Amino acid sequence: MTRPIQALVHTQAISHNYQVVKRNAPHSRAFAVVKANAYGHGLQRAATALQAADGFGILEFDNALALRQWGLQQPILLLEGVFSQSELIEAARQDLRIAIHEPGHLVWLEQTTLSRPVHVFLKLNTGMNRLGFPAEQAHDLVARLQKLPNVASITLMAHFATADEPAKGIEKQLTRFASATSGLDLPISLANSAATLAYPQAQHNWVRPGIVLYGSTPFEDRTAEQLGLQAAMTLQAQIIAEQHLQAGDAVGYGATFVADKPMRIGVVACGYADGYPRHAPTGTPVLVDGQRTRLIGRVSMDMLTVDITDLPQARIGSPVELWGKGLPIDDVARAAGTIGYELMCAVAPRVRVVEG
Ligand SMILES: *Cc1c(COP(=O)(O)O)cnc(C)c1O
């Protein structure tokens, strides 16, 4: 028998979550964001589940080409643009839309011979200060782009830093965007998952949902369930050994957990080399046999340990859910001081993936 750990990917949940986005943004088209191997769920599997999507957002060039090879006809947007002139040529040939966010991109568009014009997404920096031209240059840049035979269309694009934090909101960035682009009659794409759900006024022509497609909430104060989302991945393993502790006995590396009473613990075939966060502390929730219990001691490379003192039926072979349908990934992420995004993207190649 193989080592008992696997990631179950719920493709129907991905399709469902896409429909949740569409219900929330009924007047926009949506680029389903499938970067990072569809946030760890498998690109081909996710793309199949997202066949109804209006388009795809991705940033690994080879994977964008793969989407085309699999026969997907929808618009595909390269969220970080191209990384070389030869990629620009290939992007045009494969009809990939490109973000352009720095002056070198303009030079390439001006100086390269393309097999057909490309649809460009002019990325404007409205305060995130990561990618994008200063928003105030929008009019000049648009004028420059409109002269180029290589440019088929221009969509204005920006990205919010705090759409997931109600206290900070998006007002400042939205205002800067609006004043810098006023008078430009062009399609607009601004909203990630959080902005799509929290700010209908930011939806415009194209929304760009990622995390919600995979059933995790972008918000601190609203759960995935409250948003109507379904978990797209269940990471499951089994108990492979049990130990009986006396008061004073320690568990695992560093002997960081010490029992204060007799305890029974289960050793689970999942560790940080499977993608489980090593920094998850004692107390992080885990399901054993469908019952919520807690991680204890340090997570090691191939194993972690759980408290089964109050679960008398738990034994070797008992199913363990690290996150998924029965245990929101966001609960685990919060306990571990991270976000659902990081957990799902980190599931390691050695974990078998099964659809179900
Ligand atoms: C990743 C990404 C998104 C999706 O963000 P979520 O928070 O996962 O919805 C949207 N836009 C851009 C440019 C991205 O890189």
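Note that this is a predicted model, so its numbers are computed, not measured. Atoms within a ligand are numbered from 1 in the order they appear, just like the ligands themselves.
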Report summary line: Checking heavy atoms under 4.0 Å, the part of His159 that sits near ligand 1 is side chain
**Report entry** atom 9 (O) of ligand 1: the protein heavy-atom neighbour that sits closest, reported with distance to 0.1 Å
**Finding:** Ser193 OG, 2.5 Å
Report summary line: Between Ala198 and Ala163, the two heavy atoms sitting closest are CB-O, 4.4 Å
**Report entry** Protein contact to atom 7 (O) of ligand 1 [nearest heavy atom, distance to 0.1 Å]
**Finding:** Tyr341 OH, 2.6 Å
Requested in this report: Spell out, yes or no, whether Ile296 and Val306 are grouped together once hydrophobic residues are joined by side-chain heavy atoms under 4.5 Å, including indirect joins.
Outcome: no
Requested in this report: Identify the heavy atoms of Thr256 and Gly297 that sit nearest to each other, and give their distance.
Outcome: OG1-CA, 3.9 Å
Query - Electrostatic pair Asp289:Arg315 at N-O distance under 4.0 angstrom - result: no
Query raised in the report: So which heavy atom in the protein is nearest atom 2 (C) of ligand 1, and how far is it from that ligand atom?
Result: Lys35 NZ, 2.6 Å
Query raised in the report: Taking only heavy atoms of Arg208, which atoms of ligand 1 are found under 4.0 Å from at least one of them?
Result: 3 (C), 4 (C), 9 (O), 10 (C), 11 (N), 12 (C), 13 (C)
Query raised in the report: Just which atoms of ligand 1 are under 4.0 Å from any heavy atom in Ile211?
Result: 6 (P), 8 (O), 9 (O)
Report task. Using distance alone, determine whether Gly210 and ligand 1 share an N or O pair under 3.5 Å. Result -> yes
Query raised in the report: Are His41 and Tyr214 close enough that their ring centers fall under 6.0 Å?
Result: yes
Query raised in the report: Below 4.0 angstrom, N of the basic side chain to O of the carboxylate: do Glu80 and Lys35 qualify?
Result: no
Query - Per-atom contacts, ligand 1 versus Tyr39 - under 4.0 Å to a heavy atom - result: 1 (C), 4 (C), 5 (O), 6 (P), 8 (O)
